[in-house]
Amino acid sequence: MIISASRRTDIPAFYGEWFMNRIREGSCTVPNPFNHRQLAVISLRPADVDAIVFWTRNPRSLLSRLAELDDRGYRYYFHYTLMGNPTWLDPAMPPPDQAIHHFKKLSDTVGPEKIIWRYDPIVFSNVTDTAFHQETYGFLARTLRGYTRRSVISIVDFYKKVAKRFQDLSCQGITIQRPEQEVAHLIPALVSLARENGMKIASCAEDIDLRPYGVRPGKCIDNDYLYEVFGLNVPYRKDPAQRKACGCVTSRDIGMYESCPCGCVYCYATTSVERARTNLRAHDPLLPSQIKG
């Protein structure tokens, strides 16, 4: 079994103590997103966990605890999102220099093969245009050279809740743009920048076919990657709970929606930032579930 920690929230940034408590206890409970009275009990014992996949923008609360995971025999790797977006897109992200520092520290701790740089989702606007993304990606790729081997990109999806937030930005003079024309200009440049800095580049659950530009469809929870890094044989079975374009293998996600307080405008996992902040304040790291139902 592969544990996803988590597509739904940033466990390393905000719930590291809870996660380690659950590791020590050997299990956690995850409420059904549509019916919180239904609880799934998920084993976290080393014998039952093939690997853990972390998703984060800030691993601060987990960095000092990784040695314990190693001592307990867990395999794991990180997806680390580092974008350099303006604050109207990512209002609560660490400053770029701090995020880069944490990225490098994490890479030094676990090794560059166990940390994947995510530059996603790419949002095109009259402010964050092709030139912005090319310059930002180029700066980050050069800065992270040697600290990672892989880069993941995707184009933003216009979910209903996200589209409403994008519309609200218009009062600030910000116009979100559909990506059709920009993709053909930007993606080849990102491919070249990744290659120049020793990185393989892949897409994440992308409906737009980026293969003509040199970007292969990726698997964020990737059986091939697990074999490459850990020598772990995981049979490929597409996760039926994910979108059609997602190539990830089956995993169990232990996070909960409405629990990340960052307020990223394009986030699909949080409907109300205020509700997420309330849930975080009410969080008890000793409980079996991340958030009390």
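FYI, the numbering just counts along the sequence from 1.
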With a 4.5 Å cut-off on side-chain heavy-atom distances among I, L, V, M, F, W and Y, is there a chain of contacts connecting Leu62 to Trp18?
yes
Under 3.5 Å donor-acceptor, Thr9 side chain and Met256 backbone:
no
What residues, two or more places apart in sequence or in another chain, satisfy side chain to side chain donor-acceptor pair (under 3.5 Å) together with Tyr119?
His133
Please assess Asn223 against Asn233 for the test side-chain contact (heavy atoms from CB on, under 4.5 Å), listing each intermediate value before the final yes or no.
CA-CA 7 Å; Asn223 58 312; Asn233 282 299; over 6 Å; no
Donor-acceptor contact below 3.5 Å, side chain Arg22 vs main chain Ser27:
yes
Side chains of Ser125 and Thr175 only: does a donor on one sit below 3.5 Å from an acceptor on the other?
no
CD1 of Ile221 to CD of Gln242, rounded to nearest 0.5 Å, is 7.5 Å
Has the side chain of Arg75 got a donor or acceptor atom that lies under 3.5 Å from a matching backbone atom of Ile52?
no
Audit row: Tyr137, Ser151, side-chain hydrogen bond (donor to acceptor under 3.5 Å, both in side chains) steps and yes/no
CA-CA 10 Å; Tyr137 186 94; Ser151 173; 2.8 Å; yes
Counting only heavy atoms not in Glu135, do more than 12 fall under 6.0 Å of its CD?
no
All heavy atoms of His79 vs all of Cys220, minimum pair found to be NE2-O, 2.8 Å
Beyond-backbone contact of Glu17 with Asn21, side-chain heavy atoms, under 4.5 angstrom:
yes
Go through the side-chain N and O atoms of Ser259 and Asn279 and say whether any donor and acceptor fall under 3.5 Å apart.
no
Donor-acceptor pair, His283 side chain versus Gln290 backbone, under 3.5 Å?
yes
Establish whether Tyr77 and Val229 are linked, either directly or via other cluster members, by ILVMFWY side-chain heavy-atom contacts under 4.5 Å.
yes
Nearest 0.5 Å, please: how far is CD1 in Ile42 from CE in Met1?
7.0 Å
Can you establish whether the number of heavy atoms outside Arg211 located under 6.0 Å from its atom CZ is more than 12?
no
Reported CG-to-CG distance for the pair Leu226 and Asp50, which is rounded to 0.5 angstrom:
8.0 Å
Under the criterion side-chain contact (heavy atoms from CB on, under 4.5 Å), which of Leu89, Asp120, Val123 is the partner of Val156?
Val123
Residue Arg37 excluded, over 12 heavy atoms near CZ under 6.0 Å:
no
Worked verdict on Tyr80 versus Trp55 for side-chain contact (heavy atoms from CB on, under 4.5 Å):
CA-CA 6 Å; Tyr80 193 125; Trp55 316 70; over 6 Å; no
Taken to the nearest 0.5 Å, the spacing of Cys267 SG from Arg8 CZ works out to 12.5 Å
Expected output: side-chain Asp48 to main-chain Leu44 donor-acceptor under 3.5 Å
no
Mind listing the side-chain donor-acceptor pairs of residues 107-115 below 3.5 Å, one per line with the distance, residues two or more places apart or on another chain?
{"unit_1": "Ser107", "atom_1": "OG", "unit_2": "Tyr147", "atom_2": "O", "d": "2.7"}
{"unit_1": "Thr109", "atom_1": "OG1", "unit_2": "Lys105", "atom_2": "O", "d": "2.8"}

For Phe19, enumerate each residue passing the ring pair (Phe, Tyr, Trp, His ring centres under 6.0 Å) test, keeping only those at least two apart in sequence or located in another chain.
Phe54
According to a 4.5 Å side-chain heavy-atom criterion applied to Ile, Leu, Val, Met, Phe, Trp and Tyr, with indirect links allowed, do Ile176 and Ile122 form part of one hydrophobic cluster?
no
Side-chain heavy atoms under 4.5 angstrom apart, residues restricted to Ile, Leu, Val, Met, Phe, Trp, Tyr: same cluster for Met199 and Val215?
yes
Inter- and intrachain pairs under salt bridge (charged side-chain N to carboxylate O under 4.0 Å, His left out), touching residues 148-157, at least two apart:
Arg150-Asp222, Arg150-Glu228, Asp157-Arg243
Report yes or no: does Asn32 contribute a side-chain atom to a donor-acceptor pair with the main-chain N or O of Gln38 at less than 3.5 Å?
no
Could you check Ser4 against Ile254 for side-chain contact (heavy atoms from CB on, under 4.5 Å), going step by step and ending with a plain yes or no?
CA-CA 6 Å; Ser4 170; Ile254 62 171; over 6 Å; no
Please check this pair: side chain of Ser43 against backbone of Arg45, looking for a donor-acceptor N/O pair closer than 3.5 Å.
yes
Smallest separation among heavy atoms of Pro12 and Thr56, with atom names
CB-OG1, 3.6 Å
Any chance you could pull the hydrophobic cluster mates of Val273, using side-chain heavy atoms under 4.5 angstrom and chaining through other members?
none
Aromatic contact between Trp117 and Phe78, with the criterion being ring centroids under 6.0 Å apart: yes or no?
no
For Tyr227, look at atom OH and say whether over 12 heavy atoms of other residues, nucleotides or ligands are found less than 6.0 Å away.
no
Applying ring pair (Phe, Tyr, Trp, His ring centres under 6.0 Å) to Phe124 and Phe132, what does each step give before you reach the verdict?
CA-CA 9 Å; Phe124 291 105; Phe132 168 85; over 10 Å; no
Over 12 non-hydrogen atoms of neighbours within 6.0 angstrom of NZ in Lys104:
yes
Would you find a donor on one side and an acceptor on the other, under 3.5 Å apart, between the side chain of Glu206 and the backbone of Ile155?
yes
Which heavy atom in Met83 sits nearest to a heavy atom in Leu140, and how many Å separate them?
O-CD1, 3.7 Å
Taking the side chain as C-beta and beyond, is there a heavy-atom pair between Glu196 and Arg142 under 4.5 Å?
no
Is it the case that the side chain of Thr148 and the backbone of Leu144 share a donor-acceptor pair, with hydrogens and angles ignored and the cut-off at 3.5 Å?
no
Minimal non-hydrogen separation, Arg65 against Gly16, with atom names
NH1-C, 4.0 Å
Correct closest heavy-atom pair for Val162 and Tyr266 would be CG2-O, 3.4 Å
Looking only at heavy atoms, the pair that brings Asp168 and Cys171 closest together is O-SG, 3.0 Å
Would Ser203 and Ser154 satisfy side-chain hydrogen bond (donor to acceptor under 3.5 Å, both in side chains), going step by step from the backbone distance to the final call?
CA-CA 5 Å; Ser203 64; Ser154 72; over 6 Å; no
Would Arg277 and Glu274 pass as an ion pair if we require N to O under 4.0 Å?
yes
Would you say the side chains of Glu258 and Thr271 form a donor-acceptor pair under 3.5 Å?
yes
With side-chain contact (heavy atoms from CB on, under 4.5 Å) as the criterion, how do Asp70 and Tyr76 come out once you've worked through the C-alpha distance, each side chain's angles and the decisive distance to 0.1 Å?
CA-CA 9 Å; Asp70 294 335; Tyr76 56 86; 2.8 Å; yes
Does the Asp10 side chain pair with the main chain of Ala13, one donor and one acceptor, at a distance under 3.5 Å?
yes
Using the rule that two of Ile, Leu, Val, Met, Phe, Trp, Tyr join whenever any of their side-chain heavy atoms come within less than 4.5 Å, decide whether Ile3 and Leu232 are in one cluster.
no
Using the ring pair (Phe, Tyr, Trp, His ring centres under 6.0 Å) criterion, which residues pair with Tyr268? Sequence neighbours excluded.
Tyr159
Thr250 and Asp239 side chains, donor-acceptor separation under 3.5 Å:
no
Pair Thr278-Arg281, side-chain donor/acceptor within less than 3.5 Å:
yes
CD/Glu182 to CG/Asp129 distance, rounded to the nearest 0.5 angstrom?
8.5 Å
